[in-house]
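Shown next, in structure tokens, is the structure this report addresses.
Below, chain A is the first sequence line, B the second, and so on; all start at residue 1.
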Number of protein chains: 2
Amino acid sequence: MTIKIAVLPGDGIGPEIVAEALKVLDSLCTDFGLAVETEHALIGGAAYDVHGTPFPQETLTLCRAADSILLGAVGGPKWEPLDYSLRPERGLLGLRSELELFSNLRPAVLYPQLVAASTLKPEVVVGLDIMIVRELTGGIYFGKPRGRRINEHGEREGYNTLVYSESEIRRIAHSAFQIARKRNKRLCSIDKANVLECTELWREVVIEAGKDYPDVALSHMYVDNAAMQLVRNPKQFDVMLTDNMFGDILSDCAAMLTGSIGMLPSASLDKNGKGMYEPIHGSAPDIAGRGIANPIATILSLAMMLRYSFDDAVLAERIERAVQTALDQGFRTADIASEGTVEVGTAAMGDAIVAALRSA
Amino acid sequence: MTIKIAVLPGDGIGPEIVAEALKVLDSLCTDFGLAVETEHALIGGAAYDVHGTPFPQETLTLCRAADSILLGAVGGPKWEPLDYSLRPERGLLGLRSELELFSNLRPAVLYPQLVAASTLKPEVVVGLDIMIVRELTGGIYFGKPRGRRINEHGEREGYNTLVYSESEIRRIAHSAFQIARKRNKRLCSIDKANVLECTELWREVVIEAGKDYPDVALSHMYVDNAAMQLVRNPKQFDVMLTDNMFGDILSDCAAMLTGSIGMLPSASLDKNGKGMYEPIHGSAPDIAGRGIANPIATILSLAMMLRYSFDDAVLAERIERAVQTALDQGFRTADIASEGTVEVGTAAMGDAIVAALRSA
Ligand SMILES: [Mg+2]
Ligand SMILES: [Mg+2]
């Protein structure tokens, strides 16, 4: 079966880093027999410049037809003056909601070669390997009613609604349990059940879903304590399950524990495992076009795609090992460079990883 | 003028640690001429055991009449089976809302003597001194409508409302600006204005309030980035202004950066500066009655009371210096003990601080 991948380079450094991931994909085809078709489309600012919208219909059509999506990054100062509805980010949000990509996987993995980049003591973070499973299409970021009004005292008032139905909670819970099963079988669900009724239901439904996974150890933690524990002893976590907003906050906190967010991929999956894969770092307009961006997070996004959408853990691990080999050989892009390593550009890093892949 | 302080020891280690703070208060009276009257009352589980309620009317009456309140801690496994409305925590929440203690001050200060206790590298946290000003009586923890319902698909649904009026935002903003003025004159307001309309209003009103404080440098940061920055470079912050929930999460994260939450006091102020002062650590029922709890956070809460309710920075600094002296002399309670220090109990730590206060 030929896999169809929609490729959306996006803005800023997006095209440069995606190009390196495609080199890796080429090698998987040529050297390891993977059958892939790729087709490119515009999204974000790049799409706005051509079509007047950050999310053209033909991009959506392509992404619907594809088996999965590889995305670079969107956004940049050029498009910031635009109306909210035309901003590059709307392209991303549009894709997530049109394709119902409700399960956001945010690994926080510390590469031993980069342990010095963390602000935490080596012993606290070495071996760190957390997977945050974040609900991505519901909760307070989408809940209604929302907006502004004048209250009964004649004052301005702003309001948003945190809301989850049991089916929304159940599907993300199953997603998290299944991932925990493929890892160390420990799932910690995050809520504020002592104060927020919505998250009290969250806890209830997660417990119900857990009955199907007696092999996974389920625990619960309040969100404020989770923020503490990520700093105190992050290695206590295997998989964390969160709602949309708590996941937004905690996944960024967890990512920064590694000290090198240029290394971190992510996935956003639908209920069939189709997904959009992208680095967590942004479009970095300040260094765009200079050939110095770190392509590793995008290359690791491709590895995630193989593991989570195409169930090919073997090829995923090959890519991950190739990244490790390139790091072991001392190659570093500017963002992760340190003394005694070889600073290389985007393309050279991609080449080093492809070479490692071939010689493994 | 004689200051009236309501003393609420509460549960668990509360009575032990409050007793040490009262020793310090005695010394301030005897040795430094402070005129204070104290009166004790029950709150939390201790109040429930006597009066059948965690928040007796006479405690409220005493606290209303007092100029400020010193609290130990509430809660414990003994009262966990009780109905939500009778739990010890309701006593605290009752006081906050009855007295309109909307401004929660949460310092995160790293004592140089305890730098090894942090999980972060010394250079990242040495000299850390952040003040988080958290809105405490509004936002999603109190917003209505809230609860559970059956939605149109016949499913359970949980919902809560994030809501702030401009007057609620304005008063906490002024609180934060005034505190920033007494510190390094930098205020970073936390929101998610790119997604949540309620926090978009938050940003607007904070900017409006800031016009009265041209000497304070105001900046804004999204909450997920703030969680990242606390890990990446916490010393960039002076005062952080947050809503209730973001402050709940970020203040605990910031506290844990210090590695020793047994050292951290807090204040909850009304619009006139009257306040409730308490350590951020809990009632620690596991070590209650053993004389080993760390009284320093409670003693530093007393210092905060002098500074923020009675505008006596001189006495506040005396207490803070006395704590430093006791640490310099090597005294440590079990929670902060390390090699080469002298492990002491609760009372001995209190005595060491009083001795340092007197000999300064
Ligand atoms: Mg985020
Ligand atoms: Mg908290």
Side-chain angles (χ1 to χ4, degrees), chain A residues 89 118-121 123-125 140-141 143 145-148 151 153 155-169 192 194-202 204-205 222-234 245-246 248-253 255-257 259 261, chain B residues 89 118-121 123-125 140-141 143 145-148 151 153 155-169 192 194-202 204-205 222-234 245-246 248-253 255-257 259 261:
Chain A
E89 295 74 22
S118 174
T119 54
L120 280 85
K121 291 174 179 163
E123 65 272 23
V124 180
V125 287
I140 197 168
Y141 291 174
R146 64 190 298 161
R148 287 183 184 219
N151 70 12
H153 307 294
E155 290 182 54
R156 286 172 291 170
E157 189 167 86
Y159 57 102
N160 288 88
T161 301
L162 170 63
V163 56
Y164 274 107
S165 68
E166 57 179 305
S167 59
E168 284 178 302
I169 301 166
K192 188 75 184 178
N194 53 339
V195 181
L196 298 174
E197 288 89 344
C198 182
T199 70
E200 194 181 41
L201 178 66
W202 178 279
E204 249 178 65
V205 176
Y222 296 141
V223 61
D224 50 334
N225 189 26
M228 266 195 174
Q229 296 301 325
L230 278 175
V231 170
R232 196 184 71 83
N233 177 20
M245 185 175 57
F246 293 161
D248 188 16
I249 299 169
L250 295 181
S251 67
D252 282 339
C253 180
M256 193 48 86
L257 297 173
I261 62 172
Chain B
E89 296 72 21
S118 175
T119 54
L120 281 84
K121 292 174 179 162
E123 65 272 24
V124 180
V125 286
I140 196 168
Y141 290 174
R146 64 189 300 163
R148 289 180 181 223
N151 69 14
H153 307 294
E155 289 184 54
R156 286 171 292 170
E157 189 167 87
Y159 58 101
N160 288 89
T161 301
L162 170 62
V163 56
Y164 274 107
S165 68
E166 55 179 306
S167 58
E168 285 178 302
I169 302 166
K192 189 74 184 177
N194 53 338
V195 182
L196 298 175
E197 289 88 343
C198 182
T199 71
E200 194 181 42
L201 178 66
W202 177 280
E204 252 179 61
V205 176
Y222 296 140
V223 61
D224 50 334
N225 189 27
M228 266 195 173
Q229 295 303 324
L230 278 175
V231 170
R232 196 185 71 81
N233 177 20
M245 184 174 58
F246 294 161
D248 189 17
I249 300 169
L250 296 181
S251 66
D252 282 338
C253 180
M256 194 47 88
L257 298 173
I261 62 172

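If you take CG on A:L120 and CG on B:L120, they are separated by 4.0 Å, rounding to the nearest 0.5 Å. Remark: B:Y141 OH to A:N194 CG distance equals 7.5 Å, nearest 0.5 Å. To the nearest 0.5 Å, atom CG of residue B:L162 and atom CG of residue A:L162 are 9.0 Å apart.
Most heavy-atom pairs under 4.5 Å with chain B: of the set A:G143, A:G259, A:S118, A:A226, this distinction falls to A:S118. Chain A forms the most heavy-atom pairs under 4.5 Å with one residue out of B:L196, B:V163, B:V223, and that residue is B:L196. Between chain B and the residues A:D248, A:L250, A:N233, A:L257, the largest count of heavy-atom pairs under 4.5 Å involves A:D248. Chain A forms more heavy-atom pairs under 4.5 Å with one residue of B:R156, B:K121, B:M256 than with any other, namely B:R156. Chain B forms the most heavy-atom pairs under 4.5 Å with one residue out of A:E166, A:E204, A:E200, A:Q229, and that residue is A:E166. Contact count against chain A (heavy-atom pairs under 4.5 Å) is highest for B:G147 among B:G147, B:P145, B:A255. Considering only heavy-atom pairs separated by less than 4.5 Å from chain A, the leading option among B:E123, B:E168, B:M245 is B:M245.
At a 4.5 Å heavy-atom cutoff, the contact between B:N151 and chain A is made by side-chain atoms alone. With a 4.5 angstrom heavy-atom cutoff, A:S251 does not touch chain B via any of its atoms. With a 4.5 angstrom heavy-atom cutoff, A:F246 touches chain B only via side-chain atoms. Only the side chain of A:V205 comes within less than 4.5 Å of a heavy atom of chain B; its backbone N, CA, C and O stay farther away. Contact of B:V195 with chain A is made through backbone and side chain together, with heavy-atom distances under 4.5 Å.
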task: Apply salt bridge (Lys or Arg N to Asp or Glu O under 4.0 Å) to the pair A:E197 and B:R148, showing each step before the final yes or no.
output: CA-CA 7 Å; A:E197 288 89 344; B:R148 289 180 181 223; over 6 Å; no

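Residues A:K192 and B:I140 fail the side-chain proximity criterion, which asks for heavy atoms closer than 4.5 Å. The closest side-chain heavy-atom distance from A:I261 to B:M228 is below 4.5 Å. The shortest side-chain heavy-atom distance between A:V231 and B:D252 does not fall under the 4.5 Å cut-off.
Minimum interatomic distance between B:N160 and A:C198 (heavy atoms only, all atoms of both residues): OD1-N, 2.8 Å.
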